[in-house]
Structures are given as structure tokens and as C-alpha cells.
Amino acid sequence: MDTLWTFVVHRRAQLVTDSYLHVSAVVQSILLATIVAVLIGILVYRSPFGSSVATALASAILTVPSFALLGLLIPFLGLGVGPTITALVLYALLPILRNTIIGLASVDPAIVDAARGVGMNRLRVLARIELPLAWPSILTGMRVSTQMIMGILAIAAYAKGPGLGNLIFSGLARLGSPNAVPQALVGTILIVVLALVLDGIFVIVGRLTTSRGIRD
């Protein structure tokens, strides 16, 4: 424990920077994945066939090992942020897309009919009725994707990606040296802590952005 604490004290500036880069990459990826997944969900949720195809394609991405996906992206996007963010967005799609489709499809048709009956067009019904009602489901998908890609991002150090993965890879590559294990261990612990912090933020966002009637 003394060695671990000494490493943290001596490398605190690097740890803060790497933690910030890790969280920043995850948040950016989740926002991009949410935009893509919600748009796709809006296009296909009324079609069982379209929903099945979209979900199957997003599921297929998760079967590709992260090392392999990064390896496929590097020739086109180079090393660094490009392949890292692209891979994270692709991996984050499925939970958000699936929950978007479920949330939109679960909206009571009677509510939609009532809104159309008072003169709302299709776009206004979507923006003011369906999406707000589906928001808790979409947010749940975002939470799941966030926890998933927090760990995947560590592997992106293979492609010179940002974040705490570089700390872990560097420690594992130097096994046998005095600071190798503390370095890998600190990186791993920080990823877990940051994942819990982000999940707590999502809980707060959910309470602030979901109407009490839906929440209760």
C-alpha cells in the first residue's frame, strides 16, 4: 500500500490528466452514439423488420474483438483519437439503440392519437410526446453503454488512444520493475471509480430531466 500511495503522490499530475482524457473520450463517444442511435431508432421503431435489422447489425459489432476492430480502423484513421472514438461509438450503439426502440414502441398509442387529435403533426408528436416518454429508457441505454466503453477505452492504448489505458499497458509492459504493479493497479482502480462517478451523474441527470409523473 505504501508503494501504491507513493506512486499516486508522485504521478498525481499525470493521473489527473489521464483521468480527464479518459472521461472526455467516453463522454464524447456516448454523445455521438446517442445521436446516431436515437436517429436510427426513430427511423425504424415502427417497423418490426427494420428494428430487427438495426438491432442485429449493432449486435454484430459487439462480436468483433476490440483489438481486431482497432486494427481494422488504424489503416484508415491512423493512430490516436480517430480510431479510438470511432470504435467506442460503434460499441456504444447497441444498448442505446435497443432502448430507444423499446422506449418509443412502448408509448401508449392512445396518447399519440390524442395529440394528433388536437392538431399536432408527426414531428411535434415525436418531439413533445414520444421522445420525452422514451427518455428514461434511452438514458438507461446510455448508462449501460458508458459503463461498457469505460473498460474498452483502456484497450485503445493499443492504438495510442487517450486515457488511463496507457498507464495500464505501460505497467504491464514493465512487470518486474518496482512501480509496474502499482502503475497498472492505479489505472484499473481509477477506471472503476470514474465509471461509478459517471453513473451517479447519469442518475442525477435522469432525475432532473424526467418529469415527476413519468419517474413515479
Side-chain angles (χ1 to χ4, degrees), residues 23-64 69 72-73 76-77 81-150 152-153 195 197-216:
V23 171
S24 176
V26 168
V27 171
Q28 291 177 60
S29 300
I30 287 296
L31 292 177
L32 290 172
T34 299
I35 293 171
V36 173
V38 169
L39 288 176
I40 295 173
I42 290 171
L43 293 175
V44 304
Y45 82 97
R46 290 180 176 273
S47 167
F49 176 75
S51 298
S52 298
V53 170
T55 302
L57 291 175
S59 300
I61 295 173
L62 286 180
T63 66
V64 181
L69 182 58
L72 292 171
L73 292 173
F76 302 99
L77 301 175
V81 175
T84 299
I85 298 298
T86 302
L88 293 181
V89 169
L90 291 173
Y91 281 126
L93 284 176
L94 178 60
I96 304 172
L97 174 61
R98 184 172 54 197
N99 279 37
T100 299
I101 293 172
I102 292 173
L104 290 173
S106 299
V107 176
D108 190 344
I111 298 176
V112 176
D113 290 340
R116 296 297 293 271
V118 298
M120 285 188 179
N121 59 29
R122 178 73 187 88
L123 187 59
R124 290 185 66 192
V125 170
L126 176 66
R128 300 186 62 179
I129 304 297
E130 293 177 310
L131 282 176
L133 290 174
W135 172 242
S137 180
I138 296 171
L139 189 63
T140 298
M142 294 172 65
R143 290 177 64 185
V144 172
S145 290
T146 299
Q147 300 304 302
M148 183 171 61
I149 68 173
M150 281 292 292
I152 294 175
L153 178 54
V197 170
L198 282 179
D199 194 59
I201 292 174
F202 272 115
V203 172
I204 296 172
V205 169
R207 293 191 66 85
L208 293 176
T209 58
T210 305
S211 66
R212 183 173 299 178
I214 298 173
R215 194 169 64 237
D216 297 339

Donor-acceptor pairs under 3.5 angstrom involving side-chain atoms of residues 86-96: please list them, not counting sequence neighbours.
unit_1	atom_1	unit_2	atom_2	d
Thr86	OG1	Gly82	O	2.8
Tyr91	OH	Val64	O	2.6
Tyr91	OH	Pro65	O	3.4
Tyr91	OH	Ser66	N	3.1

With rounding to the nearest 0.5 Å, note down the distance linking [atom1] in [X] to [atom2] in [Y].
| X | Y | atom1 | atom2 | answer |
| --- | --- | --- | --- | --- |
| Leu104 | Ile129 | CG | CD1 | 12.5 Å |
| Asn99 | Ile138 | CG | CD1 | 8.5 Å |
| Ile204 | Arg207 | CD1 | CZ | 10.0 Å |

Next item on the list: Just grab all the side-chain hydrogen bond (donor to acceptor under 3.5 Å, both in side chains) pairs involving residues 134-148, residues at least two apart or on different chains.
Entry: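 Output for this query lists Trp135-Thr209, Arg143-Asp199.
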Partner set under side-chain contact (heavy atoms from CB on, under 4.5 Å) for [X], not counting sequence neighbours:
| X | value |
| --- | --- |
| Leu31 | Val27 |
| Ile201 | Val197, Leu198, Val205 |
| Phe76 | none |

Distance-only criterion, 3.5 Å: show the donor-acceptor pairs between side-chain atoms of residues 112-127 and protein atoms not counting sequence neighbours.
unit_1	atom_1	unit_2	atom_2	d
Arg116	NE	Met120	O	3.4
Asn121	OD1	Leu123	N	3.3
Asn121	OD1	Arg124	N	2.8
Arg122	NH1	Glu130	OE1	2.9
Arg122	NH2	Tyr45	OH	2.7

List, one per line, each side-chain donor-acceptor pair under 3.5 Å for residues 34-44, sequence neighbours excluded.
unit_1	atom_1	unit_2	atom_2	d
Thr34	OG1	Ile30	O	2.7

Next item on the list: Could I get the full list of side-chain hydrogen bond (donor to acceptor under 3.5 Å, both in side chains) partners for Ser24, not counting sequence neighbours?
Entry: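 Scan of Ser24 (side-chain hydrogen bond (donor to acceptor under 3.5 Å, both in side chains), adjacent residues dropped) gives Gln28.
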Check: Which pair of non-hydrogen atoms, one from Ser106 and one from Ile102, has the smallest distance, and what is that distance?
Finding: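 Ser106 and Ile102 have their closest heavy atoms at OG-O, 2.6 Å.
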Next item on the list: Please name the pair of heavy atoms, one in Ile149 and one in Ser29, separated by the smallest distance, quoted to 0.1 Å.
Entry: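 So the two residues come closest at CD1-CB, 4.0 Å.
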